[in-house]
Amino acid sequence: MTTGETTGVRGAAGSGADDPAGGAAATAAAFAELYGEQPAGVWAAPGRVNLIGEHTDYNDGFVMPLALPHTTLAAARRRDDGVLRLHSGDGESRLTELDADRIDPLTVGGDRGGWAAYPAGVVWALRRTVDAFADFGGADIHYESTVPTGAGLSSSAALEVSTALALSDLYGLDLDPVQLAKVGQRAENDFVGVPSGIMDQMASACCTAGHVLHLDTRDLTQRAVPFDLAAEGLTLLVVDTQVKHALGDGEYAQRRAGCEAAARALGVPALRDVPYAELDAALARLTDVAVHPLVRHVVTEDRRVKECIALLDAGRTRDIGPVLLAGHTSLRDDFRVSCRELDVVVESSVAAGALGARMTGGGFGGSAIVLVETDAVDTVGKAVESAFAAADFRPPRVFTAVPGAGARRLV
């Protein structure tokens, strides 16, 4: 599920979304200017959009994210004095200096720590997860990012995973992508305090360029599924509504708590274990009618993921459009995590000829994805912009989602 999205890390000039090499050079130069020495390396981790499978990861279900070319870059070097220094390319950011031996959620985590809580949480999680990291001597890290914050595109997961990968390399931990994702999730859950699932961190760590990631969030088995839309004359648009969301405000936790309560009442480990064919019977057994729509969404969403993967495997990419639209309807009506701006994206794009559309991420704002014929991109984009103007909404940000690579070292 989408993460806190409160990283506060923004990119500087030269760190463009599809120019990681140029971005790495600019980030290394900014590090040298700030800290007085060259970094030992520059690491990148991407944001993501989720094609289908929303609010299913913390229910042990199935998801299908893809990495964006937008990345968070971390330039870093080791220290030996027990000090952790953190800085971002946000012009409003100040250098955060922490005693590595005194990092804990009570003094750094959550809203009190702002964006720096995420990388600090990674250090905290690594020290509790990896024995070889117990003698952590500190680090200097500078971040630049092109992942929009508050847009439901996993800016916080990109920050966590880039930090974990940098520290893994600097300290010779040799963590694999799944381990990096688990460290990031632990930082998010136990340090920052957002009870998210693992989809965002897995997408940032494990995605493959040109593919979507078909992930079982229970056992973390995964498969890279080819997703070459350009070859089929298709385009996936991302529409950032510019409505900022934050998942630490209680709404997200309430949805998760309702799902977990329903699973306990049904006597199953998670809602993933409720078969689609037995959904009506399961709902009839639940006396708390307030959780009925939550259960209905999760069970039907898992089925939509299966439908989507079957269509992609059969080469019927255009036919996933109605599946995306059904997913949005469920998120809007059953899970109640949409907002008027997201609904307008879906309504106006489909009316203009889009094959399908849905909100992506945790909801309460953020972004939507729109599947369109490539020759209709301008028409659909203008229709969405016109609908926003007519509703007196802030103009949306529209860009193309091209499946990118997962976390990697650039320099």
Side-chain angles (χ1 to χ4, degrees), residues 1-8 46-68 70 110-111 115 118 147-161 181 184-185 187-189 192-204 213 215 217 238-260 271 293-294 297-298 300-302 304-305 324 327-343 345-346 357-369 401:
M1 202 46 268
T2 191
T3 51
E5 299 290 353
T6 54
T7 62
R48 67 95 191 93
V49 292
N50 189 24
L51 186 66
I52 195 75
E54 220 65 79
H55 288 272
T56 52
D57 61 344
Y58 56 80
N59 288 289
D60 284 0
F62 303 92
V63 295
M64 288 186 67
L66 57 116
L68 291 169
H70 303 71
D111 292 339
W115 73 268
Y118 293 85
V147 185
T149 60
L153 303 177
S154 299
S155 59
S156 50
L159 178 56
E160 292 155 357
V161 172
Q185 186 197 19
E188 185 104 16
N189 292 173
V192 180
V194 176
S196 62
I198 199 169
M199 177 184 70
D200 292 355
Q201 291 83 6
M202 285 292 291
S204 189
L213 180 69
L215 175 68
T217 64
V238 178
V239 181
D240 177 3
T241 65
Q242 304 282 347
V243 178
K244 302 299 183 183
H245 77 169
L247 299 186
D249 63 1
E251 291 282 353
Y252 179 93
Q254 289 174 17
R255 301 302 190 281
R256 179 165 184 164
C259 290
E260 292 171 346
L271 292 182
L294 303 182
H297 167 73
V298 173
T300 59
E301 185 79 347
D302 272 335
R304 282 186 285 272
V305 175
L324 303 182
H328 182 78
T329 300
S330 182
L331 287 161
R332 181 193 66 202
D333 298 343
D334 278 341
F335 227 69
R336 304 182 306 282
V337 293
S338 188
C339 65
R340 186 56 195 151
E341 288 84 353
L342 288 168
D343 295 342
V345 174
V346 173
R358 61 179 288 271
M359 55 155 282
T360 187
F364 313 106
S367 299
I369 55 172

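- The shortest non-hydrogen separation linking Val147 to Gly47 is CG2-N, 3.7 Å.
- In this structure, Val305 and Val63 have side chains that are not in contact, with every pair of non-hydrogen atoms separated by 4.5 Å or more.
- Residues Gly362 and His55 share a closest heavy-atom pair of O-NE2, 3.0 Å.
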Does the pair Arg255 and Arg336 meet the rule for a side-chain contact (heavy atoms from CB on, under 4.5 Å), with working shown?
-> CA-CA 9 Å; Arg255 301 302 190 281; Arg336 304 182 306 282; 4.0 Å; yes
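- Of all non-hydrogen atoms in Pro148 and Asp240, the two that sit nearest each other are CB-OD2, 4.1 Å.
- Judged by distance alone, the side chain of Asp60 and the main-chain N or O of Leu271 form no donor-acceptor pair under 3.5 Å.
- With Ser154 as the fixed residue, the side chain to side chain contact (heavy atoms under 4.5 Å, CB included) test singles out one of Val161, Val49, Asp200: Asp200.
- Note: Tyr58 OH to Cys259 SG = 4.5 Å, rounded to the nearest 0.5 Å.
- Using a distance-only test at 3.5 Å, with no hydrogens or angles considered, no donor-acceptor pair links the side chain of Glu54 to the main chain of Gly327.
- Looking only at side-chain heavy atoms (C-beta outward), Ser156 and Glu188 come within less than 4.5 Å of each other.
- Proximity of a side-chain donor or acceptor of Thr56 to a complementary backbone N or O of Asp302 within less than 3.5 Å is not detected.
- Note that the CG atom of Leu66 and the CG atom of Leu51 stand 6.5 Å from one another [nearest 0.5 Å].
- Between Val337 and Glu251 there is no side-chain heavy-atom pair separated by less than 4.5 Å.
- Of the inter-residue distances, the one linking Phe62 atom CZ with Thr217 atom OG1 reads 7.5 Å to the nearest 0.5 angstrom.
- By the salt bridge (charged side-chain N to carboxylate O under 4.0 Å, His left out) test, Glu301 pairs with Arg304, Arg358, sequence neighbours left out.
- No donor-acceptor distance shorter than 3.5 angstrom exists from the side chain of Thr241 to the backbone of Leu342, with no hydrogens or angles considered.
- A donor and an acceptor atom, one from each side chain of Asp343 and Ser338, are located under 3.5 Å apart.
- Shown here are the ring pair (Phe, Tyr, Trp, His ring centres under 6.0 Å) partners of His328, two or more places apart in sequence or in another chain: there are none.
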Given Cys339 and Phe364, is the side-chain contact (heavy atoms from CB on, under 4.5 Å) satisfied, shown in steps?
-> CA-CA 6 Å; Cys339 65; Phe364 313 106; over 6 Å; no
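- At distances below 3.5 Å, not a single donor-acceptor pair connects side-chain atoms of Asn59 with backbone N or O atoms of Gly61.
- Summarising the geometry of Gln201 relative to Ser196, their closest heavy-atom pair is NE2-OG, 4.5 Å, with the distance given to 0.1 Å.
- Closest approach of Ala368 and Val345 over heavy atoms only: CB-CG1, 3.7 Å.
- Using the six-membered ring where Trp is involved, His297 and Phe335 have ring planes that are tilted, between 30° and 60° apart.
- Residue Ser155 holds its OG atom at 11.5 Å from CG of Leu68, rounded to the nearest 0.5 Å.
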Any chance you could lay out the side-chain contact (heavy atoms from CB on, under 4.5 Å) test for Ser367 and Val239, step after step, and finish with the verdict?
-> CA-CA 5 Å; Ser367 299; Val239 181; over 6 Å; no
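- Looking at heavy atoms from C-beta onward, Asn50 lies in side-chain contact with Met199 at the 4.5 angstrom threshold.
- When atom types are taken as modelled, the side chain of Arg256 and the backbone of Gln254 share no donor-acceptor pair closer than 3.5 angstrom.
- Residues Ala158 and Pro46 share a closest heavy-atom pair of CB-O, 3.5 Å.
- Atom-to-atom distance recorded for Thr360:OG1 and Leu331:CG is 9.5 Å, nearest 0.5 angstrom.
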